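The block underneath contains the structure these notes are about, expressed in structure tokens.
In what follows, every chain begins at residue 1, and chains take the letters A, B, ... in the order their sequences are listed. What you see below is based on every heavy atom in this structure, not just the backbone, and it leaves out hydrogens, waters and symmetry mates. Every value quoted in this text rests on a predicted model; they were computed, and no experiment measured them.
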Amino acid sequence: MNYEEVMNLATRRGFFLRSAESYSSTPAGFWDYGPLGVQFKNRFIEMWRKMLVRRDAMVEIDTAQIMPKNVFVASGHLASFSDPVIECGSCHSIFRADKLIEERTKKNTPEKLDDQAYDMLIQQNRIACPNCNSPLKGTKRFNMMFRVGIGPQNEEAYLRPETCQGIFVDFPYLFKTQRIKLPKGFAQYGKSFRNEIAPRQGILRQREFYQAEIEVLFTPANLDDPRFDEALGRPINIAEGDTEPRRMLASDALKEQVVPSKLIAYYLTLIQSFYEEIGLDPSNIRLRRLTDEEKAFYSSVAYDLEVRTSVGWLELVACNYRSDYDLKRHSEVSGSDFTIDEGGKRVTPHVFELSMGVDRSLYALLENCYKVEEGRTYLSLRAAVAPIQVGIFPLVTKDGLPEAATEIYRSLIKEFDALYDGSGSIGRRYARADEAGVPFCITVDHDTLSTKTVTVRNRDSKSQERVAVSELELMLPKLLR
RNA sequence: GCGGCGUUGAUCCAGCCUGGUCAGGAUGUCGGCUUCCCAAGCCGGUCGCGCGGGUUCGAAUCCCGCACGCCGCACCA
């Protein structure tokens with residue numbers, strides 16, 4: 001299968017659709033979730049809460065999406081979350097100034113010079129437009145944050161480019177009021193915004209997208225805390241560079257120093273096992289250690305959790321050791337105290353983050369679960385993340401079967417995401433349910449009326465089991481776990 | 001943002017070169033009949049020429065612009 005096939009099904013069934021489709025001029029990079037997509041996303045987030053947030057006793061918060069300028073002065077996004085670009089006045093091609101100079105001069109060119117410095121270098125080296133050979137000048141900064149104006153004075157503010165800044169700025173409050181002891185994980189799920197120059201790859205690279213971020217705050221004294229020992233026996237798939245991963249025990253990764261500390265090993269195993277448990281094939285997952293050039297400006301050690309898809313290895317999670325960069329900067333710019341007491345000394349906590357791309361994760365799950373067998377298409381989603389948990393169908397639409405099926409539906413809908421379908425042949429209804437990834441379908445047949453039993457069909461195997469109606473409410477929670 | 005190619009119901013595709021008799025097929029979906037455990041059949045309904053302008057008596061079709069998409073370049077905390 002490929003991206004088009006998966007998105008075709010996702011569009012037909014109501015997972016995702018292009019935002020404001022009815023207006024042809026809608027810019028690229030914006031997507032809506034349809035009914036199935038919302039339920040799928042909700043289930044995914046609920047699993048994230050269950051397996052990461054609750055399992056690790058993290059603190060989940062929800063912060064504002066618009067934040068004032070100074071937050072991003074402190075975070076570094078205003079200065080660094082931008083690229084030096086230069087436009088050809090003749091053919092209007094746009095180039096990265098630093099990359100262009102580097103390519104022509106073969107000399108390393110930093111991306112944080114003054115704009116004039118790039119113009120100078122371009123002039124000195126007589127660099128012309130690679131496209132039409134016209135002269136180039138006027139390097140500008142393209143910042144990838146969306147600027148917004150607050151109130152009548154249009155006070156400078158930005159839509160957050162990552163959810164974690166809200167966690168950092170709220171940390172002093174949380175630490176004081178929530179009886180927090182480090183190391184501690186802080187979690188937030190919500191939208192982030194990045195004004196991509198040219199978004200491609202549809203839902204995989206959006207201008208407005210969901211993140212689920214975990215920021216682990218700790219002090220360097222915690223890096224090899226014994227509480228992280230439980231991770232040592234768990235496997236992780238480590239890749240150095242763009243290679244096939246090696247599946248190894250976390251303890252061996254520490255020994256070989258491909259992972260620098262127990263804390264990082266613990267959270268890497270946690271995030272990988274999360275993706276394995278919600279349905280990605282372990283052999284399609286790798287934790288790729290990033291090179292210095294690839295790392296974000298705030299990161300000192302970084303891994304990307306990637307999944308193998310038809311569009312190549314797809315980054316789902318950025319795992320960054322941000323050191324004390326964030327809290328120090330917020331302390332400097334805000335003037336507030338972001339330190340904590342450790343053995344009588346004030347120290348600024350460090351940060352290790354797991355920054356998940358939610359929309360991408362959902363796509364990866366769909367593609368991983370997209371199956372075509374014997375001419376039938378189905379989504380082999382784990383029951384725990386399936387948008388619809390159970391279908392209830394009358395075998396025929398006469399002889400009182402719809403009434404009996406409706407009665408069962410009415411009782412199940414109180415506890416489960418259930419679907420009633422009495423339209424078309426029974427086979428057609430199974431096929432529809434298969435494409436929506438419904439893991440179990442209950443069929444009411446003539447025997448139901450006399451024996452009070454129904455058949456329960458398993459989506460993946462198509463096999464059926466006869467079950468007493470009275471047992472459904474006890475049995476389904478076990479099946480759906 | 002540049003270059004090339006493209007855009008026809010929810011989905012897939014024909015029509016465009018050669019303007020009219022052209023908006024058609026299939027899937028889906030809804031209603032009815034029928035059948036009854038894996039997309040059967042029949043009847044009926046439903047949904048479309050990306051947007052704007054131009055040429056023309058007449059434009060899905062030709063021309064221009066824009067938007068979006070794909071590929072390449074570039075970009076991608």
Report task. Would you tell me if any nitrogen or oxygen in the side chain of A/Arg205 comes within less than 4.0 Å of OP1 or OP2 on B/C75? Result ->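 False: A/Arg205 side-chain N/O out of range (4.0 Å or more) of B/C75 OP1/OP2.
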Query raised in the report: Are A/Arg428 and B/G28 close enough that a side-chain N or O sits under 4.0 Å from OP1 or OP2?
Result: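 For A/Arg428, the contact criterion (side-chain N or O under 4.0 Å from OP1 or OP2 of B/G28) is met.
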Does [N] have a Watson-Crick or wobble partner in any strand here, with both distances under 3.5 angstrom, and which is it?
{"N": "B/U35", "answer": "none"}
{"N": "B/C66", "answer": "B/G50"}
{"N": "B/G1", "answer": "B/C73"}
{"N": "B/C12", "answer": "B/G25"}
{"N": "B/G58", "answer": "none"}
{"N": "B/C17", "answer": "none"}

Requested in this report: May I ask you to decide if the ring planes of A/Tyr158 and A/Phe72 are parallel, tilted or perpendicular, using 30° and 60° as cut-offs?
Outcome: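 Ring orientation, 0 to 90° scale: perpendicular.
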[M] and [N], which share atom name [atom1], separated by this distance in whole Å:
{"N": "B/C16", "M": "B/C5", "atom1": "C1'", "answer": "16 Å"}
{"N": "B/G54", "M": "B/C43", "atom1": "P", "answer": "45 Å"}
{"N": "B/A14", "M": "B/U61", "atom1": "C1'", "answer": "14 Å"}
{"N": "B/G15", "M": "B/A59", "atom1": "C1'", "answer": "14 Å"}
{"N": "B/U8", "M": "B/G69", "atom1": "C1'", "answer": "15 Å"}
{"N": "B/A23", "M": "B/U27", "atom1": "P", "answer": "22 Å"}
{"N": "B/C13", "M": "B/C22", "atom1": "C1'", "answer": "16 Å"}
{"N": "B/A10", "M": "B/G50", "atom1": "P", "answer": "12 Å"}

Can you identify which nucleotide, out of [options], has its nearest atom closest to the [X] side chain?
{"X": "A/Ala28", "options": "B/C36, B/A39, B/G69", "answer": "B/G69"}
{"X": "A/Thr455", "options": "B/C37, B/C12, B/C30", "answer": "B/C37"}
{"X": "A/Ser423", "options": "B/C37, B/U11, B/C30", "answer": "B/C30"}
{"X": "A/Leu395", "options": "B/C38, B/C12, B/C36", "answer": "B/C36"}
{"X": "A/Ser425", "options": "B/C37, B/C76, B/A40", "answer": "B/A40"}
{"X": "A/Arg432", "options": "B/U35, B/C68, B/U29", "answer": "B/U29"}
{"X": "A/Lys462", "options": "B/C37, B/C76, B/C38", "answer": "B/C38"}

Just how far, in rounded Å, is [atom2] of [N] from [atom1] of [X]?
{"X": "A/Ile203", "N": "B/C70", "atom1": "CD1", "atom2": "C1'", "answer": "18 Å"}
{"X": "A/Arg429", "N": "B/U35", "atom1": "CZ", "atom2": "P", "answer": "15 Å"}
{"X": "A/Lys398", "N": "B/C36", "atom1": "NZ", "atom2": "P", "answer": "6 Å"}
{"X": "A/Glu465", "N": "B/C38", "atom1": "CD", "atom2": "C1'", "answer": "18 Å"}
{"X": "A/Gln201", "N": "B/C68", "atom1": "CD", "atom2": "C1'", "answer": "16 Å"}
{"X": "A/Leu401", "N": "B/C37", "atom1": "CG", "atom2": "C1'", "answer": "12 Å"}
{"X": "A/Glu196", "N": "B/G69", "atom1": "CD", "atom2": "P", "answer": "13 Å"}
{"X": "A/Asn8", "N": "B/G28", "atom1": "CG", "atom2": "P", "answer": "13 Å"}

At under 4.0 Å between heavy atoms, what does [X] touch on the DNA or RNA strands: base, sugar-phosphate, or nothing?
{"X": "A/Arg18", "result": "sugar-phosphate"}
{"X": "A/Ser355", "result": "nothing"}
{"X": "A/Thr397", "result": "base"}
{"X": "A/Arg12", "result": "sugar-phosphate"}
{"X": "A/Asn320", "result": "nothing"}
{"X": "A/Pro161", "result": "nothing"}
{"X": "A/Arg457", "result": "base"}
{"X": "A/Glu162", "result": "nothing"}
{"X": "A/Glu435", "result": "base"}

Report task. Report yes if the side chains of A/Pro220 and A/His350 come closer than 4.5 Å at any heavy-atom pair, otherwise no. Result ->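 SC-SC contact between A/Pro220 and A/His350 confirmed.
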Report task. Taking the side chain as every heavy atom from C-beta outward, state whether A/Leu314 and A/Arg360 have any pair of such atoms under 4.5 Å apart. Result ->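 When only atoms from C-beta onward are counted, A/Arg360 and A/Leu314 do touch, with a gap below 4.5 Å.
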Requested in this report: Test side chain to side chain donor-acceptor pair (under 3.5 Å) on A/Thr455 and A/Glu465 and set out the steps.
Outcome: CA-CA 5 Å; A/Thr455 59; A/Glu465 188 188 348; over 6 Å; no
Query raised in the report: Quick one: on RNA chain B, does A/Gly375 or A/Gln211 contact a more 5' nucleotide (nearest heavy atom)?
Result: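 The 5'-side residue here is A/Gly375.
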Query raised in the report: Closer to the 5' end of RNA chain B via nearest nucleotide, is it A/Glu21 or A/Phe209?
Result: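 The residue whose closest nucleotide sits nearer the 5' end is A/Glu21.
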Query raised in the report: Where do A/Asp32 and A/Ser19 land on the side chain to side chain donor-acceptor pair (under 3.5 Å) test, with the steps shown first?
Result: CA-CA 5 Å; A/Asp32 294 348; A/Ser19 181; 3.2 Å; yes
Query - B/C51 base / A/Tyr23 side chain donor-acceptor hit below 3.5 Å - result: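 For A/Tyr23, whose side chain was compared with the base of B/C51, there is no donor-acceptor pair (under 3.5 Å).
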Report task. Report yes or no: is there a donor-acceptor pair, N or O only, under 3.5 Å between the side chain of A/Gln464 and the base of B/C37? Result ->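 Such a pair exists between side chain and base.
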Query - Steps toward salt bridge (Lys or Arg N to Asp or Glu O under 4.0 Å) verdict (A/Asp434, A/Arg376) - result: CA-CA 8 Å; A/Asp434 284 345; A/Arg376 100 184 157 110; 2.8 Å; yes
**Report entry** Centroid separation A/Tyr3 to A/Tyr363 less than 6.0 Å
**Finding:**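 Yes, ring centres under 6.0 Å apart.
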Report task. Would you confirm whether the ring centroid of A/Tyr321 sits within less than 6.0 angstrom of the ring centroid of A/Phe218? Result ->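 Yes; A/Tyr321 has its ring centre under 6.0 Å from that of A/Phe218.
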Requested in this report: Examine distances only and state if a side-chain atom of A/Asn70 and a backbone atom of A/Val73 form a donor-acceptor pair shorter than 3.5 Å.
Outcome: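 No, the answer is negative, given that no donor and acceptor are paired below the 3.5 Å cut-off.
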